[in-house]
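Below: the structure, in structure tokens.
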There are 2 protein chains.
Amino acid sequence: MSKEGQSRGVRRVQVRKNTGTVHGRHEAELSSALEAIERAGMRRTQPRIAILKALIAEHGPFSVDELREFSLLDGVDRVTVYRVLTAFEELGLVRRCEFGDGTSRYEFAGGGHHHHHVICKKCRKTENVDECIPDAIIQRVRKLGYDDVSHTLEFFGVCKTCRAA
Amino acid sequence: MSKEGQSRGVRRVQVRKNTGTVHGRHEAELSSALEAIERAGMRRTQPRIAILKALIAEHGPFSVDELREFSLLDGVDRVTVYRVLTAFEELGLVRRCEFGDGTSRYEFAGGGHHHHHVICKKCRKTENVDECIPDAIIQRVRKLGYDDVSHTLEFFGVCKTCRAA
DNA sequence: GGTCATTTGCAATTTTGTTGCGTGTAGTAG
DNA sequence: CTACTACACGCAACAAAATTGCAAATGACC
């Protein structure tokens, strides 16, 4: 990475909605995440808090190196970010996304609201999608003999602007 | 890779069904794929044919290095396999799968029948799943302004045997 | 068979992710 | 407030996956 742009990367559009109580909700999410960390017998360390804050403030799925560009994470080693995100994933605090370019991206998942993404095949911009897979399908997978079933789902398409060009 | 086993890899179970006309169907899939290649103005080269044959014969999603272990691909360079698979993906001849371990896997997709997978979170075995996402959802994503919408969908769970242990 | 653009193989490199180990720090007990 | 201890962090080295540039080989067309 280091250079500046992202070679294999995925650019993000942040379509921020004004939800009124944004600030308060972010704080609530942060403290509930910190409680989850303590409940798991883990420590409230500076890197963990910084990573949570970054993920909660800008909730796009970010790669490890995208995350490390936030000033909040100054001085935090790349290895630490990998380890923290892996731990958070196991706690269910973050969700890992694969956009098909060989890089994992992570987003905050402590706030219950589960969603997926559409990625433009041309410009690689991403957008959130509220659609999800019907419960009946998950049930049928469970019946194949699997417990604790989760899923990944991403949509790919050509966005309006790229279609024009 | 090279060693023998797969370090970050995903083991596969091949539950082969006897569908009667297997041989004939495989040949039909191969020649229709070759036609697609010609239609795209590309050449029928030995590596491309070998890769298609391997993918059609053993239709599990394979990583590049798993594919290269097939004797059909003896002497074919890893770079070539990457390039061929990327080209095939663009033609819609193969489908790329991400099982969350940082490696892309590919399977033949020229035969219309589209499916997904369940991956065991513990032993990483995979199995095919015929369930797919309802068309209505794809339509709604299209309405967000995207053309040519495709998707990836994978299920993760704990299989029977791993549950026992 | 000869020509030429496409495709391949090789070598080198980049990017992503992991491991081992000494140091630091959060949490706790005194 | 200080000291202790185990968890967590940072650094350096490593490993695997994927990409790039370029010369040589090969398939398509004449």
Side-chain angles (χ1 to χ4, degrees), chain A residues 1-10 34-35 37-52 61-69 72-91 94 96-106 124, chain B residues 1-10 34-35 37-52 61-69 72-91 94 96-106 124:
Chain A
M1 204 75 15
S2 67
K3 265 291 180 56
E4 179 270 328
Q6 48 282 77
S7 54
R8 289 200 282 174
V10 168
L34 289 171
E35 276 170 36
I37 286 176
E38 291 208 329
R39 245 179 288 124
M42 293 168 54
R43 294 181 181 168
R44 293 186 182 217
T45 66
Q46 298 222 350
R48 286 174 184 171
I49 294 170
I51 290 170
L52 280 175
F62 298 115
S63 69
V64 166
D65 285 297
E66 281 163 3
L67 262 178
R68 260 161 48 79
E69 280 167 19
L72 267 168
L73 297 209
D74 281 353
V76 177
D77 195 85
R78 182 183 286 116
V79 179
T80 301
V81 181
Y82 275 110
R83 291 196 269 229
V84 168
L85 288 174
T86 304
F88 283 179
E89 194 189 5
E90 274 156 22
L91 289 185
V94 307
R96 189 213 296 226
C97 311
E98 304 283 346
F99 289 174
D101 66 344
T103 309
S104 293
R105 288 180 176 69
Y106 301 83
R124 313 293 302 176
Chain B
M1 202 78 13
S2 66
K3 265 289 179 58
E4 179 270 330
Q6 47 281 78
S7 53
R8 289 201 281 177
V10 168
L34 288 171
E35 275 171 36
I37 286 176
E38 291 208 329
R39 242 178 291 125
M42 293 167 54
R43 294 180 182 170
R44 293 187 183 216
T45 66
Q46 298 222 350
R48 286 172 183 172
I49 294 170
I51 290 169
L52 279 174
F62 297 114
S63 70
V64 166
D65 286 296
E66 280 163 4
L67 262 178
R68 261 162 46 80
E69 280 167 20
L72 267 167
L73 297 210
D74 281 352
V76 177
D77 194 84
R78 181 182 287 113
V79 179
T80 302
V81 180
Y82 276 109
R83 290 196 268 228
V84 169
L85 288 174
T86 303
F88 284 179
E89 194 191 4
E90 274 157 23
L91 290 184
V94 307
R96 190 212 295 223
C97 311
E98 304 282 347
F99 289 173
D101 66 343
T103 310
S104 293
R105 288 179 175 70
Y106 300 84
R124 313 293 305 176

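A, B, ... follow the sequence lines: proteins, then strands. Residue 1 opens every chain. As a basis for the values below, the full set of heavy atoms in this structure was taken, side chains included, without hydrogen atoms, waters or symmetry mates. Every value quoted in this text rests on a predicted model; they were computed, and no experiment measured them.
- In terms of position on DNA chain D, the residue among B/Y106 and A/V84 whose nearest nucleotide sits closer to the 5' end is A/V84.
- An OP1 or OP2 oxygen of D/dA17 is reached within less than 4.0 angstrom by no side-chain nitrogen or oxygen of B/S104.
- Remark: A/E89 pairs with A/V94, A/R96 by the side-chain contact (heavy atoms from CB on, under 4.5 Å) rule, at least two apart or across chains.
- Using a distance-only test at 3.5 Å, with no hydrogens or angles considered, no donor-acceptor pair links the side chain of B/R78 to the main chain of B/R68.
- When A/R105, A/E98, A/E66 are each tested for a side-chain contact (heavy atoms from CB on, under 4.5 Å) with A/P61, only one passes: A/R105.
- Which of D/dG10, D/dA17, D/dT20 sits closest to the side chain of A/D77 comes down to D/dG10.
- Listed by chain and number, the residues in a side-chain contact (heavy atoms from CB on, under 4.5 Å) with A/Q46 amount to none (sequence neighbours excluded).
- Comparing C/dG9, C/dG17, D/dC11 against the side chain of A/Y82 picks out C/dG17 as the nearest.
- By the salt bridge (Lys or Arg N to Asp or Glu O under 4.0 Å) test, A/R48 pairs with no residue at all, sequence neighbours left out.
- Within 4.0 Å (heavy atoms only), A/V64 reaches no atom of the nucleic acid at all.
- One axis for each end of the helix from C/dG1-D/dC30 to C/dG30-D/dC1, each built from five base pairs, and the angle between them comes to 40° at 10° resolution.
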Please tabulate the protein-to-nucleotide N/O contacts below 3.5 Å involving nucleotides 26-30 of chain D, giving atom names and distances.
| unit_1 | atom_1 | unit_2 | atom_2 | d |
| --- | --- | --- | --- | --- |
| D/dG27 | N2 | B/R43 | NH2 | 3.1 |
| D/dG27 | N3 | B/R43 | NH1 | 3.4 |
| D/dA28 | OP1 | B/R44 | N | 3.2 |

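- In this structure, A/R48 reaches the D/dC9 phosphate: one of its side-chain N or O atoms is under 4.0 Å from OP1 or OP2.
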Please tabulate, for side-chain N and O atoms in residues 37-44 of chain B, each donor-acceptor pair with protein atoms closer than 3.5 Å (sequence neighbours left out).
| unit_1 | atom_1 | unit_2 | atom_2 | d |
| --- | --- | --- | --- | --- |
| B/E38 | OE2 | B/R44 | NE | 3.1 |

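- Comparing C/dA11, D/dC9, D/dA18 by their closest approach to the side chain of A/T80 singles out D/dC9.
- For A/R124 (side chain) and A/F99 (main-chain N/O), a donor-acceptor pair under 3.5 Å exists by modelled atom type.
- Distance from the side chain of B/R83 is smallest for D/dT20 among the nucleotides C/dT18, D/dG10, D/dT20.
- Across all non-hydrogen atoms, the minimal contact from B/A50 to B/L72 is CB-O, 3.6 Å.
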